[in-house]
Amino acid sequence: MTPPVLTLSGITKTFPGVRALHNVALELFAGQVTALIGENGAGKSTLVKVMTGIYQPDAGEITVAGKPVTLPTAHAAFEAGVTAIHQETVLFDELTVAENIYLGHAPRNRFGMIDWRKMRSEAKETLDSMAAGIDPDIKLKELGIAKKHLVAVARALSIDAQIVIMDEPTAALSQKEIEELYVLIELLKADGKAILFISHKFDEIYRIADRFTVFRDGEQVGTGFIKDTTQSQIVQMMVGRSVDHIFPARNAVIGETVFEAKGLSHPTEFDDISFSVRKGEILGFYGLVGAGRSEVMQAVFGMTTPSSGSMTLNGQSIAPKSAADAVEAGIVYVPEERGKQGVITGQPIFQNVSLPSLKKTSSNGFLRAAQEFDLARTYTERLDLRASSLSQNVSTLSGGNQQKVVIAKWLATNPKLIILDEPTKGIDIGSKAAVHGFMGELVEQGLSVIMVTSELPEVLGMADRIVVMREGRIIATLDNKGLKPETLVRLAAGIAEEEAA
Amino acid sequence: KSLGNGFFDAANKGAQEAAKELGDVEVIYTGPTAATAEAQIEVINSLIAQQVDAIAISANDPDALVPVLKKAMERGIKVISFDSGVAPEGRQVHLNPSETNLIGETIIKLAADYLPDGGDVAILSASSTATNQNAWIEAAKKALPTEFPKINLVATVYGDDDSVKSTDEAKGLIASYPNLKAIIAPTTVGVVAAAQVVTDMGLIGKVNVTGLALPSEFKQFIDNGASQAVALWNPIDLGYSAVMIADDLVKGGEAKPGATLAIGRMGSITLDDTNSAAMAPPFTFDKSNIEEFSKIY
Amino acid sequence: MNRLLKHREIFLALAILLVLVLVTIRFPRFAQPGNLLTIFNDSSILMMLALGQMTVILTRSIDLSMAANLALTGMIVAMTNAAFPGVPIPVLILGCIAVGGVLGAFNGVLVWKLNIPPIVVTLGTLTIYRGLIFVISRGAWVNAAQMSPDFVALQRGAFLGLPILSWFAIVVALLFWLLMTRTPLGRSLYAIGVNPTASVYTGIDVGRTKFLAFTIAGAVSGLAGYLWISRYVIASTEVASGYELTIIAACVIGGVSIAGGIGTVTGVLLGAIFLGVINNALPVINISPFWQMAISGSAILLAVILNARGERQKGRVILKKAEAA
Amino acid sequence: MTDTTTRHLPNRLDNPLRSSILSWESLLIAVAVVIFIINSFASPYFLNAYSLSDLTFNFTEKALIALAMALLIISGEIDLSVAAIIALASTLMGFALQFGADTPALVAIGIGTGIVCGAFNGFLVTGLKLPSIVVTIGTMSLFRGISFIILGDQSYKGYPASFAWFGQGYVYWVISFELVLFLVMAVLYYVLLHRTNFGRRVYAIGNNDIAAQFSGVRVARTKFILFCLTGVMSGIAAVLLTARLGSTRPSIAEGFELEAITMVVLGGVSILGGAGSILGVVLAALIVGLVTFGLGLLNVPGIVMTIFTGSLLIIVIALPILFRQWRNRRPA
Ligand SMILES: Nc1ncnc2c1ncn2[C@@H]1O[C@H](COP(=O)(O)OP(=O)(O)OP(=O)(O)O)[C@@H](O)[C@H]1O
Ligand SMILES: Nc1ncnc2c1ncn2[C@@H]1O[C@H](COP(=O)(O)OP(=O)(O)OP(=O)(O)O)[C@@H](O)[C@H]1O
Ligand SMILES: [Mg+2]
Ligand SMILES: [Mg+2]
């Protein structure tokens, strides 16, 4: 058979405190789709960045078409024939769609100047071939998230590369757009390109992939042909253990309603959101990425003001105008973007923990260090935080431990309702279990929890009731008893509706 | 006032000459680069700390320097101002380069001489806080109705001894007063800027620039006709006299109204009731003599 | 109206037009072509400098040292001219661009290789460059009499009825327009400002691009150094002192976002002309020139507020109906 | 997990003494001492109570502003309008003087103007969410511009002697009122920044204002207060400077803003926010004062001194970075 177009061997990459990749190998073949599979944080995206010259591996070798290459810059990767659709949209809001597609490899005229006309017509061609329906002349910021993703796809296609990498390209796309993407992938295959396809969705993988490689905790644990392997075999490789044991048993007593939202609306982000949470309950919010769950939660937390609707906490009507108001009322929020919104990375653990509770640890507005340390120690130890001292800088902690700092910070304020937005995103398996265990504990103590998650097992394993959101609206509120995963997926993706229509 | 200004470099020449003549005197020539009072105060503070015997200063602001100069006098330092003066309570003697009224008259006369039929003129001054300029302009205005009835003073603007600002102001004058016949700039920075503007706008022969100018800096504008004549006193003599007076005070001379102080080769001066004294009348430069003087200062 | 605000340039042009009309009502001579050309000529140096500054601001940086660079280069060229009147002016101009470029590159290296925040670097070099002027000139001014006639005359000559100084501005503006819209470097400047992380992903060397931006700003400052000195025919330590903020003001009024990534050549040119018009109009309509500062301050504030309205994140459009609307 | 008290987290591992010896402040102290020694050798006039007292006038007003500016910069904002606030405050004081305002009224007007200007800046930045650097470039022209409109080419003078005392008076022997006020303020700001909840929140905001907001800190309110504080300090500086000069011109205090910012940055405050100390700023003010006065004694023109301060600024910031780069390169 034909030799691989691209070979990786012995690739190792460590970040301060995290070993993202350890001695991994990967082969990609012309005209074939290889699926890269692994849990969150397994190292998939890191590998993509190594292959595209954004990260330099600590060790290992990359061979393209039999020749070893080094990829010191993104440009070098592009010259070597590697192109990628990255997981996070790496695009430019203020530039036009056409330019987003061609930045860095724009067509030039004979004076070496950028040929805008050619660029626009080529961009239009590419976009039309994808049936994207996007005008290449408008600024990117005018597009919604799904369309932006299509632009990212178009960008990758505009580079005439032998190797195309797609890191969760379908995460933000609707079913219709996904179908169109499949068609494109078939075309690329037929063109003889080697494709690396990363996805968490098994149906897609089985539909389009030829081969697979599985990563677990930064190591390569398996590889083979899709047609020879069953789904459960792959899951076994991914997780390394039986999935059922991850979630703690729930034995909280569910009491009366603590928080209720009625008809919350926002001009552009969500509409008519009503739900309630009871004492001791975990309310799951499920939906595809971009469904608007974070926005709803941030409205509850006072970060954005809804245009209409009302909220009550313990029977009293509240209208938080800022996060400070919400915290005072007893609502806290563990945000999705940990590094940006959750922890203050330049500061030590104890200062992060005490920040919202400074009133408690100080006297007349003056700091008292001993009290602060006591407070921080009490809550971080309860969460089994792994750190060397309370003065350690939060930036030096691993993701899971940073998450614990955020949770500790909020527990110290004695909240009534705690909202966790993607609490286990990017957290390793061990910490994940700890966070899940801890959530169980919180509800046992009588707190109410809202958990926003995009992971099916998590929401099925943890939630008492599940709210499903799609495109800024609540589609259904379900009791988590004997729920089938497919039901949730259908609701979230709007598939049932489309079939009916 | 500020370092780098050709006028004071020339004054320094005279000061050094006086120091050589006196033998036991050392002159420190210093100042800020920006013509601001704050900067000048810092310089004075360091001079006080060096326990100099006397300070001779051309002030950037007559009032703002008073407190610090008072402090200097309290510490036993003799303070005289020259050129641009300090308010009387901030110095012992003020040495006017020339008689105020005389200067005022001269600058108007320079314009009037070339305007036999009269016409509009405007003044471009240095900063609004410069005492000497203000006094000259006052004197000029006083002389107008009686001696130069045909001359019509339309505006007085300030260029802050900054070449850009002076340029802008000169342009503004020309734009606003189409019948302007002369610009009088009693400041060495302003007069150059105004002459350059007149040259650039092709108004040579239409608008005459005059005022107080250093011959070395101004020669080309006499040559090209942008200006018929300018005047100035001799900065070298001024620096020389300032040092002589300071020396006199240090050696026990007393500064009180009516007193007469000797100033070496310049003879002597008599203080008026504000302890000010004036030197020679300003000297006029025109095509006939500019060549010669531009080599001196 | 809203659409209008979106097009900052049109809005700014209208604002300029309004000022012109208002002034002309009171003073018809103001709008004569001759005077308008004068305003353009008077704004020329500011235009060039503001274009240089825009290059830097686009990359989320700022250059506070441009005016000091201008003054230092200006002093060097003035002294050279005074000492060697025989050196042809084009050589001097190229020399100015080179010297200015080197001074700018020094900023750039500190930002690129040592990662010192641009505002700190240029705050430091601003004082250093100014101090150096004094050191090389020993405080002495170079005045008109010491400069050669060619040196002073060049920019005053006319070509097709327009002073050469204006032609300098036009050529520089054209070059910048080409740079910004037609070259990969120009597009990289924008990309870095819009999204630095994504720029890395696209293969742009962020540090090197910033370095080039500073170098370009420096080269422009150098060119402006010659033009300034020969225009005001005096070189001193205080030349253009405080002018750095006027340059930034022209950019801001012209719609350049201080957060980077947004700004056009046309906008910046209009911003500089706006200040020039105000400058010229005040004395003409007999408003005391003392009003000028407050007016340009208000113009800056107004410009930022309007720009911010235009740039404000609309938030994500998640609802289908909202997206359609 | 209920009983995981197995691990005990210590408060800190490093030795506080050791880390304070290796700190930025000790570097600054060393620099200050070196300059002091050089000065006393270079000029025979330096070591003299009167000289040293005069020296303090060179920096106290700017340093007072630098104290508040430090907090503002730590919070991630900046105020370029401080010198213009001085001009406006001084102008309004002089204006009131024409109507016979007495010393307490003058001081109240000076400080009041500072508060109003600071609040205006604060409103534009926090209320309208505009970048502080552009806003304050704008208000810098606006405030000083108003002074020019009011005062034009005139100047105010004739401040009462009791007022002049603020800028010229001595509390005891050669210890000036300005110096005492600066030291008192330095202590107050030290306590405010390093010992109160407010100060802690300022650091949090400067490190990451989004996360701070997500942690329940009232970011906009805190920044607003900081702008007001900077305004107040500029108002106080206006009182001192006006009293010291005994007159007001609209061009008063030109260029103070960059000098105050230089002190702040030299004092180890990160221009990007989140780090810095009051001690550092005080030391930096002292260093700037020592350098300028020492060179002044040698009759070095002020403009040449700026080469020293400018280089000091870049070198002091670059050294730790170079050191880190060198250390990082070694093991690789
Ligand atoms: N720049 C970085 N600095 C520190 N740690 C990092 C960095 N980038 C990734 N990591 C860590 O490396 C590990 C692998 O991350 P990576 O993004 O490759 O996972 P992934 O398999 O793509 O997960 P997902 O399915 O969630 O996208 C994670 O533990 C992550 O926290
Ligand atoms: N219009 C958009 N432009 C750019 N990025 C977007 C847009 N919409 C969503 N995103 C990105 O997609 C991600 C999720 O969006 P959002 O928070 O709105 O959805 P969500 O339903 O709350 O999903 P999640 O549970 O993953 O947070 C975020 O990281 C956000 O940055
Ligand atoms: Mg990933
Ligand atoms: Mg979200």
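We name chains A, B, ... by the order of the sequence lines, and we start the count at 1 in each one. Predicted model only: the values in this text are computed from it and were never measured.
- For the side chain to side chain contact (heavy atoms under 4.5 Å, CB included) with C/I300, the qualifying choice from D/T139, D/I137, D/L142 is D/I137, the only one to do so.
- Interatomic distance, C/I295 CD1 to D/S141 OG, rounded to the nearest 0.5 Å: 11.5 Å.
- Using a 4.5 Å cut-off between non-hydrogen atoms, the part of residues 113-123 of chain C that approaches chain D consists of C/K113, C/L114, C/I116, C/P117, C/I119, C/V120, C/V121, C/L123.
- For the ring pair (Phe, Tyr, Trp, His ring centres under 6.0 Å) test, residues two or more places apart in sequence or in another chain that qualify with C/Y232 are C/W228.
- Interface check for chain C: of the options D/I78, D/L258, D/L80, D/L312, the most heavy-atom pairs under 4.5 Å are formed by D/L258.
- With a 4.5 angstrom heavy-atom cutoff, D/V265 touches chain C only via side-chain atoms.
- Heavy atoms closer than 4.5 Å to chain D are found in the side chain of C/I62, but not in its backbone.
- Looking at C/L302, neither its backbone nor its side chain comes within 4.5 Å of chain D, counting heavy atoms on both sides.
- At a 4.5 Å heavy-atom cutoff, C/S241 makes no contact with chain D through either its backbone or its side chain.
- Residue contact with chain C, scored on non-hydrogen atoms closer than 4.5 Å, is absent for D/I315.
- Residue contact with chain D, scored on non-hydrogen atoms closer than 4.5 Å, involves the backbone and the side chain of C/V304 alike.
- For D/I149, the parts lying near chain C are the backbone and the side chain together; criterion is any non-hydrogen pair under 4.5 Å.
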